[in-house]
Amino acid sequence: MCDIHQGAHSHQTIDPAAAEMIEKANRENIETVWDRYEQQKPQCGFGDLGLCCRNCLQGPCRVNPFGEPKEGICGADADLIVARNLLRTIVGGAASHVDHTFMAVQCLKEASEGKAPYPLKGTAKIKSVAAKLGIPTQGKTDTVIAQEIARAALADFGSSTDDPMNWLKATVSPNLMETWGKLGILPKNPDREIRTAMHQTSMGVDGSPINLLLSSLKMGLVDGYAGLQMGTDVQDIIFGIPEPVKSEANLGVLSHDKVNIVVHGHMPEVSEKIVEWARKLDGEAIKAGAAGINIAGICCSGNEVLMRQGVPLAGNYLSQELAIITGAVELMVVDVQCFMPSITKVAACYHTKVVTTTPIGQLPEAEYIPFTPENADIKAQEAVRMAIAAYAKRDPSRVQIPTQKSEVWGGFSVESIVGALAKVDAANPLKPLVDNIIAGNVLGAVGVVGCNNVKIVQDQQTVEMVKDLLANNVLVVATGCTAHALAKYGFLSPAGAKKYCGEKLLAVLTAVGEAAGLGGPLPGVLHMGSCVDNARIGDLLGALAGYLGVAIKDLPVAASAPELQHEKAVSIGTWAVALGVLTHVGLVPPVLGSPIVTKVLTADVEGLTGGKFLVETDPHLAAEGMLNHIRAKRKALGI
């Protein structure tokens, strides 16, 4: 790894800090994700179109869109192969979030029973979740109520009936339940749905592309309610409801004279404990010759500890190797999802230690420290002390920390947004927002979510698209690695609102921000958390629709994943379409090999749910498409 030099490549990133580290990697002959992307070219055209099938051992088969063969060995044509592949992709994304959530539920159960060292910080969330689930609270302690919530969650995983998930029924409006019921896509036990979908897509089962696409919508709902919604609710109960907090973002948050620990992945059960014990063991780092311990976050673990602990963001998915290449990271702690197997190879070129923490998230060259809810305190101390010991091995001559960093405000949960609006109208908090939407001061809203993708210049499509939306007075909320991207360029700060927002939107943000005691505007882009926290966007849409007495599909809103790469982004997007939201993707998904699948996803599904996919790789045209959609929805509402 350290001896292979692949050469510099242009058009990789718009982030000067990332570009600086890519150049350092080139000088030091360290291979990065961009080098490996070049080695993969040309990528398989059949795969790009979704026309490859490996679902049985007679294959792999491929269908030629320009000639023969027209069918795989079993007789599956292009439409069937693409539809099966799409459903399996969404299954992968849903399974990632559902398993994440199941681990959080287990943690809640053990914490509420006094078996795990996690004090339940989200007391208000305990009450609100219990209320929507119909769990009586009078005369009960918070821990008893939390135990009942955990049992309710586990009951959804253990259900053997044909009734829809309780968490879904407790969360969504009757009109959505009716729509999804008529389509036959209401999910039951999430594990059962994942199993059924894998069976359905195996060789010799479902031969109907349309039926497979309906199952794709169902799998989006599995993610939305057994993954996103349940996960967000449970994590807020354990770790607290996020409140606005000020921090910083980009590689410049790393420290020259402190022990640098980077948390990376998605599970706050791990990252929260690393942060807690890094702060408690700061004195040990000082005794070891450092100025203390500095924590930074990558990907969604970064979002989790930003919004609850104020921990700065080091970077998004494509920057994970670059953080190590600074030469200043003593320890990177990973749990599940989105960490590259390459990080241990990059770390081997420096003094950096990599620690894995879960049975399913192993790396051969990493140190495995198994975290469980019960042993989290012990294991977190072990990891932090490993970082302190590594500090002595840092080579100062190889340290190069970029100077770039930006101010960030994170932690805009639905509760904190409503709380800020309540400073304007305590009796009716949503009224100021809705009044400004009706008046046209806020044209509409867009949720910008998802990943980085090495096929796209890092952060470019996200930044350019969001500039256009804000300039046209569209309120933007962001989660996941997209939130990291916008954080790096100042969008998640009051100064960013002044720089990028249209005059009308800025006036609204200023009025709310000043009323909330911030002394200036709210950020033009509100940070709503990790990719699991897309449930917060769903909750906000549901609240606005309920206030206006309309369906979510009638709202002047849209969603966008401008640089998607993970299966989770596809399952989240499918959930958004099922909700009735126009959902933009900035990368052409592997479905164009099927005219039927392409037409259903980008047109026909709108007649079923009210939502559809908008595929557009040009960020300015993408913004224009969403603006036109928002204006059309406003016209239909008569505003």
Side-chain angles (χ1 to χ4, degrees), residues 1-44 47-48 250-252 254 260 262-265 296-299 301-302 314-334 337-356 361-368 390 393-402 404 451-460 481 484-485 488 563 565-566 587:
M1 179 76 181
C2 305
D3 299 324
I4 299 174
H5 178 59
Q6 301 299 329
H9 308 293
S10 60
H11 308 302
Q12 297 162 323
T13 182
I14 62 169
D15 178 2
E20 181 182 339
M21 288 302 97
I22 293 169
E23 180 55 36
K24 183 173 188 280
N26 289 333
R27 289 198 313 269
E28 298 184 358
N29 295 326
I30 297 172
E31 184 181 88
T32 68
V33 61
W34 286 276
D35 299 314
R36 294 189 295 276
Y37 174 53
E38 291 297 322
Q39 293 164 14
Q40 289 293 327
K41 290 182 178 179
Q43 291 182 302
C44 174
D48 273 344
N250 214 337
L251 292 171
L254 297 174
N260 287 304
V262 173
V263 291
H264 178 12
I298 296 277
C299 287
S301 284
N316 43 17
Y317 170 78
L318 287 179
S319 292
Q320 61 187 275
E321 295 169 315
L322 306 183
I324 298 172
I325 289 168
T326 64
V329 173
E330 275 63 56
L331 179 70
M332 180 175 283
V333 181
V334 302
Q337 301 174 25
C338 295
F339 56 87
M340 300 181 194
S342 63
I343 57 174
T344 52
K345 298 180 177 65
V346 177
C349 301
Y350 299 93
H351 70 299
T352 307
K353 299 293 184 183
V354 176
V355 163
T356 60
Q362 297 294 296
L363 295 171
E365 296 86 3
E367 183 84 18
Y368 177 42
K393 300 177 182 178
R394 184 194 291 186
D395 182 351
S397 70
R398 299 190 67 196
V399 172
Q400 182 179 331
I401 301 175
Q404 287 85 5
C451 328
N452 294 139
N453 190 314
V454 73
K455 293 181 176 180
I456 299 170
V457 177
Q458 185 187 18
D459 304 334
Q460 185 178 61
C481 281
H484 281 258
K488 290 189 283 184
E563 301 178 33
Q565 59 86 4
H566 201 284
L587 187 83

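The structure displayed is predicted, hence computed values, not measured ones.
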Open item on the list: Quick check for you: to the nearest 0.5 Å, what is the distance between Glu563 atom CD and Asn452 atom CG?
Closed with: 5.5 Å
Task: Closest approach of Ala19 to Thr13 (non-hydrogen atoms, all atoms of both residues) - done: N-CG2, 3.7 Å
Task: Contact check, side chains of Ile324 and Ile30, non-hydrogen atoms, under 4.5 Å - done: no
TODO: Of all the heavy-atom pairs spanning Lys24 and Gly327, show the shortest one and how long it is.
DONE: NZ-N, 4.4 Å
Open item on the list: To the nearest 0.5 Å, what is the distance between CD on Gln320 and CD1 on Ile325?
Closed with: 10.5 Å
Task: Student check: side-chain heavy atoms of Val33 and Glu321 closer than 4.5 Å - done: yes
Task: pair Glu28-Cys349: side-chain heavy atoms closer than 4.5 Å - done: no
Open item on the list: If you compare all heavy atoms of Ala25 against all heavy atoms of Thr32, which two are closest, and at what distance to 0.1 Å?
Closed with: CB-CG2, 3.7 Å
Open item on the list: Return the CD to CG distance between Gln458 and Leu318, rounded to the nearest 0.5 Å.
Closed with: 5.0 Å
Open item on the list: Ignoring hydrogens, what is the shortest heavy-atom contact between Ala328 and Arg394? Give both atom names and the distance.
Closed with: O-NH2, 3.1 Å
TODO: Would you name the heavy atoms of Ala485 and Asp459 that are closest together and state the gap between them?
DONE: CB-OD1, 3.2 Å
Open item on the list: Quick one, Asn316 and Lys488 - any side-chain contact, counting heavy atoms below 4.5 Å?
Closed with: yes
TODO: Supply the atom-to-atom distance Ile298 CD1 to Cys481 SG, rounded to the nearest 0.5 angstrom.
DONE: 8.5 Å
- [ ] Look up atom CG in Leu363 and atom CE in Met340, then write down how far apart they are to the nearest 0.5 Å.
- [x] 12.5 Å
Open item on the list: To check you understand the geometry: which heavy-atom pair defines the closest contact between Thr344 and Glu365, and what is its length?
Closed with: OG1-OE1, 3.1 Å
- [ ] Have a look at Thr352 and tell me which of Thr326, Val329, Asn260 forms a side chain to side chain contact (heavy atoms under 4.5 Å, CB included) with it.
- [x] Val329
TODO: Report yes if some heavy atom in the side chain of Tyr317 is under 4.5 Å from a heavy atom in the side chain of His484; otherwise report no.
DONE: no
Task: Separation between CG of Leu251 and CD1 of Ile401, rounded to the nearest 0.5 Å - done: 9.0 Å
Open item on the list: Are the side chains of Ser342 and Glu31 in contact, using a 4.5 Å heavy-atom criterion?
Closed with: no
Task: Among Val333, Ile343, Val262, Leu331, the one residue meeting side chain to side chain contact (heavy atoms under 4.5 Å, CB included) with Val354 - done: Ile343
- [ ] Go through the structure and list residues passing side-chain contact (heavy atoms from CB on, under 4.5 Å) with Gln404, not counting sequence neighbours.
- [x] Pro16, Ala17, Glu20, Asn250, Pro402
